[in-house]
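Reading through the structure tokens given below for one structure.
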Amino acid sequence: MVSTEEIFTIMNIIGLIAFAITGSMKAIEDKLDLLGITTLGIMTALGGGITRDILVNNIPNALLSISDMSFALIGVWFALVLYKIFGIDIKHRYIIQIPDAIGLAAFTTTGAVIAYNAHVSFFGIIILATITGVGGGLISDLLLRRVPSVLKEDFYASCSIIGAIVFYIAILSGVSIGLSGLICSIVVLMIRILAIIYKWKLPTFS
Amino acid sequence: MVSTEEIFTIMNIIGLIAFAITGSMKAIEDKLDLLGITTLGIMTALGGGITRDILVNNIPNALLSISDMSFALIGVWFALVLYKIFGIDIKHRYIIQIPDAIGLAAFTTTGAVIAYNAHVSFFGIIILATITGVGGGLISDLLLRRVPSVLKEDFYASCSIIGAIVFYIAILSGVSIGLSGLICSIVVLMIRILAIIYKWKLPTFS
Amino acid sequence: MVSTEEIFTIMNIIGLIAFAITGSMKAIEDKLDLLGITTLGIMTALGGGITRDILVNNIPNALLSISDMSFALIGVWFALVLYKIFGIDIKHRYIIQIPDAIGLAAFTTTGAVIAYNAHVSFFGIIILATITGVGGGLISDLLLRRVPSVLKEDFYASCSIIGAIVFYIAILSGVSIGLSGLICSIVVLMIRILAIIYKWKLPTFS
């Protein structure tokens with residue numbers, strides 16, 4: 001049987017690759033050179049986790065292990081292949097929306113678990129889970145001088161926030177960390193998919 | 001009688017709320033959704049302190065305690081009320097210039113004291129005091145893709161720098177940390193209010 | 001005779017001053033006030049090293065010692081003198097391209113050595129070496145709301161990456177850290193100068 005840990009590992013890999021594809025395609029759209037495309041892909045895949053690790057005072061895992069970086073580079077390479085061979089670019093973003101949603105769920109959960117282990121407050125868990133999920137996209141938008149899309153366009157960061165709250169409630173209710181994490185992942189993934197299908201938006205105050 | 005510590009606590013609360021109002025109003029002006037407004041308000045209130053804590057290698061207090069976040073959220077809520085009910089927006093910024101100045105004074109002082117305790121150099125104290133005071137506003141400007149107003153428009157960061165220098169001189173002269181902090185706060189607050197009244201500017205080199 | 005350490009110290013000083021000049025001149029071009037110019041100069045000179053120190057969980061050396069900051073301030077002062085007295089601005093950038101290349105080589109090497117001592121992975125060494133070399137310029141571009149030039153224009157970050165790879169190979173081959181660092185510096189400097197002379201570019205995917 002597949003263990004919870006194996007599920008997370010697989011979700012995390014899907015997320016790294018999907019996030020790297022999105023970041024690389026944004027860079028291709030902005031006509032960056034090959035190094036710029038690679039940097040954007042890597043930052044989008046790893047930026048959230050690096051920021052979280054800095055906040056809880058760890059040396060970022062992405063600097064210590066080579067696996068995260070390797071999957072990010074595979075994502076960059078996928079993006080180049082998709083673009084050069086199949087003519088797929090950022091406008092066909094829906095193609096990677098499901099892998100991206102899996103990544104959002106995996107990263108949010110990792111963030112929540114690491115935050116819990118760092119003994120931060122309720123708000124700390126929400127912030128770290130959300131940063132892990134959306135931080136990479138935000139950094140790549142800043143590098144490309146765009147207003148971060150998580151601040152503007154989508155029911156996206158909200159999925160992380162709701163997932164982190166559910167994680168916290170599960171932990172408080174005596175559910176084990178492993179199971180709380182699994183529930184968090186499922187909640188984020190389902191809400192995100194519903195948000196894509198029904199085009200949910202948050203209210204603005206214009 | 002009111003102790004020095006109580007004065008700081010109150011000034012800090014005023015600052016958190018005032019900074020969150022400014023950040024939220026910038027986000028309202030840029031037509032962000034409710035989550036974007038909340039994020040901007042929180043980042044403006046907490047961003048300076050978080051950056052300072054990262055630099056001196058602490059887990060940010062904003063992640064460990066729930067009080068900072070709570071006051072930031074109160075500020076966001078104030079901003080929404082001011083905007084929706086009273087029609088007050090960022091153009092009426094003068095309404096919160098005095099609370100904002102109190103916040104600048106409180107944050108600068110907290111930054112200087114934490115820097116002193118981290119045994120950094122003279123320049124380290126100035127940098128950490130200034131980042132604590134102006135970092136949140138700078139981060140929110142970056143997120144909204146504006147050239148940070150502290151770099152461009154105002155006699156604002158200068159108040160923090162002067163306050164930190166005065167703090168350092170006071171400490172060197174044998175004044176206690178508590179009293180040095182109080183002097184720092186008063187200096188920042190007075191210079192900032194004078195800068196608002198007399199519309200001080202720094203020279204440019206055009 | 002001059003020791004390896006002395007060579008690095010001198011290269012590092014040249015780099016701090018050259019980077020501060022570039023940052024200040026960008027700020028002058030964007031008509032920032034005196035504080036903005038100083039901040040940009042300092043951030044360009046120190047930003048890469050500060051980011052690297054945060055990533056490996058050290059309190060930034062720039063906050064602990066006063067020498068880095070002093071050389072950065074000398075660079076800012078140079079920029080003002082060059083601009084006001086000799087009418088030299090950012091368009092005459094070629095004047096500081098050689099000192100800037102020396103700085104890139106020195107900073108890349110410092111980053112690689114500190115990364116090696118922090119026991120990070122192969123990718124970690126490349127990332128930290130490159131961030132130390134180009135991070136300051138990237139931060140100053142972000143503050144000025146420009147798409148970072150390292151992502152877009154030049155064969156610049158590539159020099160750091162190649163230098164870090166050569167450093168890693170040298171270490172693996174049993175070469176001492178000191179000599180590996182020296183080789184890294186020479187490689188970065190030579191490639192960068194060749195890139196300037198022959199106007200090398202990386203391919204884009206438009």
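Given the structure is predicted, the values throughout are model-derived calculations rather than measurements.
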Under 4.5 Å from a heavy atom of chain C, the part of A:Leu73 involved: side chain
Against chain C, label A:Asn58 side chain, backbone, both or neither, depending on which of its atoms sit under 4.5 Å from a heavy atom there. backbone
If the condition is salt bridge (charged side-chain N to carboxylate O under 4.0 Å, His left out), which residues does A:Asp53 pass it with, not counting sequence neighbours? none
Per the ring-ring contact (aromatic ring centres under 6.0 Å, His included) rule, what does the pair list look like for residues 42-71 of chain C, sequence neighbours excluded? none
What I want to find out is whether C:Lys26 reaches C:Asp141 closely enough, with some N-O distance under 4.0 Å, to be called a salt bridge. yes
Using heavy-atom distances under 4.5 Å, tell me whether C:Ile127 contacts chain A through its side chain, its backbone, both, or neither. side chain
Whatever's closer than 4.5 Å to a heavy atom in chain A on C:Ile126 counts as neither
Output yes when a side-chain donor or acceptor of C:Ser121 lies under 3.5 Å from a complementary backbone atom of A:Leu63, and no otherwise. yes
Ring geometry between A:Tyr168 and A:Phe122 (parallel below 30°, tilted from 30 to 60°, perpendicular above 60°): tilted
Where does C:Ile161 contact chain A at under 4.5 Å (heavy atoms): side chain, backbone, both or neither? side chain
Per-residue contact mode, A:Leu40 against chain C (heavy atom under 4.5 angstrom): side chain
Do you know which of A:Asn57, A:Thr39, A:Leu144, A:Ile54 has the most heavy-atom pairs under 4.5 Å to chain C? A:Asn57
Using the six-membered ring wherever Trp is involved, compare the ring planes of A:Phe167 and A:Tyr116 and label them parallel, tilted or perpendicular (cut-offs 30° and 60°). perpendicular
Counting only heavy atoms closer than 4.5 Å, note whether A:Ser70 contacts chain C via side chain, backbone, both or neither. both
